[in-house]
Amino acid sequence: MHKLRISTKPIISIFITGSFPDSYIEGSGLTRFKIISEYIISFILLCSLILLYKKRDRFEARVFRLVEASIIVTILGELVFTLYIDVYGFFNFLGHYFKILSFYLIYTAIVEIGFEAPYSLLFRELKQSEEAFKQKAIFLEDDQGRIYNMLGVKIADPGRVPVMENERIGQKNYNPLVGDMKGFIGLRLNRNFEPLFIEGEIEEITGYDREDFLSGRVKWAEIIEPEDMPSIRENIKKLASKDEYSDEIEYRIHRKDGETRWVAQILKKLPENSETPGDIQGIIRDITERRAAEETLKKIDEARIKEIHHRIKNNLQVISSLLSLEAERFSDKKMLEAFRESQNRVTSMAIIHEELYKGNEIDTLDFAAYLRKLTADLLNSYSIQKDSIGLKLQLEKICLGMDTAIPLGIIVNELISNSLKHAFPEGTEGEILINFGRTDSFTPDTGNSEIAECVNGKNPPFKLIVADNGKGIPEGINLKTTESLGLQLVDILIDQINGCIELKRGKGTEFIILFGDLGK
């Protein structure tokens, strides 16, 4: 049985020949129809290249260049084919080469970049969106460059007819980006800080409606707490003088019903490319709940820290009591003296924590009040009669941080203890002076190298003078080389508070200490 084979080539040949003009004639090359077709295709590709160039901003730069090169190469290939005569000729080879090159460029642009590296395209779109958004908003940044708020701005259209003043007030175009967010008021002011537009939760925050402010029946300044007005005036003054100035200030307002609320306000001039350059746009937000929460947290934190000071004080008092009990086991005078000195040092620190626990501040200490209590306790510790040793205090009320107060308290304890033990032989009378204050009215003896260096280099703001009119410290004793534990402590602690000390010998002993406050 034979299979019937029907060739389709003659049918296709008849169909093409009968319905489509000849494109190629052996021996003479392309027909006129084929050449014109190539020119038409080239023209269409050229038009597509022009359209591509007009929309080049929609493409990533490398993609645009590759697609552009692909179209150009394709046009060259089509033009080369118009010179095609022989299937094995040079122009046929060149035309196919251009086609291969065109396909490769398209592959690189679409497949490799579009599929394998899409992130570059996505980032480009995001960057364009960001730039467009920046044209429609004002970003307010802190001193570290972090954005903490923004205002909406409508950029001026050069071809648009200017909006009349009385038409601007009711336009939604001037609504800031806060929109209808809860607890916010958006507003627009003219150069004289008169309201042109106000929107948001006005009545909920102030108790007044928007027409009260727009009509002038109620002025915003009238509802502000008088104590907060100076900072607001300063803010407005800076805003009027500096185009790029913007700052967030917090102040209190009084609602129509008398309730006090806290608000945060941000104002900023509109840029020159806005529809109304020089006008001021801003937002006001109700921060009453936030301030109440902050106050509550502050009180909790203060109570916690005060409790810590109280517990430290109690622990130090326990240590002091243990030292006292331990001292009773010994009869040696020097041993008893060592225990008492240690007990006094612990007590000087306990008093600081007691004062911090009782005071209004949790991290700074009224050092003048502390000195009064410390010196009284020292006199009681050494059983000094008031008639025999007088105590003269010249104290200026200054608050010091704990990092300075604790070592300085121990220094005072050591110097006064030293005077009470050694300056006045038994049966003699005398006086101890403590002068504490700022160095504004104090002129040290710059002939002393240490004091001169301290004043000229560090310029410390505070001074402490502990002096007595007793028999004085012998000439052979030096603070740097002394074997006395108390004076060694003084020298170490002076370095700890970045201070300097001068010892004067004459009619008694005088220690001059200059220092700063490490806690500030």
Side-chain angles (χ1 to χ4, degrees), residues 5-137 155-160 273:
R5 295 183 179 180
I6 301 175
S7 175
T8 58
K9 290 183 180 180
I11 298 174
I12 295 173
S13 178
I14 293 169
F15 174 77
I16 295 175
T17 305
S19 61
F20 203 82
D22 292 334
S23 298
Y24 175 76
I25 299 175
E26 187 71 33
S28 61
L30 299 180
T31 64
R32 183 177 181 83
F33 166 77
K34 177 62 175 175
I35 294 174
I36 293 174
S37 298
E38 296 290 354
Y39 284 137
I40 292 173
I41 293 172
S42 299
F43 177 74
I44 293 173
L45 290 170
L46 182 62
C47 292
S48 67
L49 182 62
I50 294 172
L51 292 174
L52 177 71
Y53 184 78
K54 288 184 177 181
K55 298 184 181 296
R56 64 187 181 281
D57 56 333
R58 298 186 181 182
F59 293 84
E60 197 270 338
R62 188 184 173 200
V63 173
F64 171 77
R65 289 195 298 270
L66 288 170
V67 174
E68 180 186 39
S70 174
I71 295 174
I72 293 173
V73 169
T74 303
I75 292 173
L76 291 175
E78 295 298 330
L79 294 177
V80 166
F81 276 130
T82 61
L83 305 175
Y84 160 54
I85 296 176
D86 185 10
V87 175
Y88 301 102
F90 170 75
F91 291 108
N92 187 35
F93 168 78
L94 186 60
H96 283 89
Y97 173 79
F98 280 142
K99 276 194 174 184
I100 293 171
L101 181 59
S102 173
F103 292 150
Y104 171 75
L105 293 172
I106 287 291
Y107 169 83
T108 304
I110 297 176
V111 177
E112 285 192 2
I113 297 177
F115 293 164
E116 296 182 7
Y119 55 84
S120 61
L121 304 179
L122 291 173
F123 287 157
R124 179 178 175 276
E125 293 296 325
L126 289 173
K127 187 66 176 176
Q128 288 181 341
S129 299
E130 178 187 352
E131 293 300 325
F133 186 62
K134 284 183 177 180
Q135 294 299 318
K136 297 180 181 179
I155 304 301
D157 183 355
R160 184 175 177 178
N273 61 341

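Sequential numbering from 1 along the given sequence is applied to the chain's residues. FYI, side chains are in, hydrogens and waters are out, and symmetry mates aren't considered; it's all heavy atoms of this structure.
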Compare all side-chain heavy atoms of Val67 with those of Ile71 and state whether any distance is below 4.5 angstrom. yes

Taking atom CD1 of Ile36 and atom CD1 of Ile41, what is their separation to the nearest 0.5 Å? 12.0 Å

Between Ser42 and Leu79, the two heavy atoms sitting closest are OG-CD2, 3.7 Å

Taking the side chain as everything from C-beta on, heavy atoms only, tell me whether Cys47 gets closer than 4.5 Å to Phe43. yes

Treating Thr74 as the side-chain partner and Ser70 as the backbone partner, does any N or O pair qualify as donor plus acceptor under 3.5 Å? yes

Quick one: CG on Leu49 to CD1 on Ile44, what's the gap to the nearest 0.5 Å? 14.0 Å

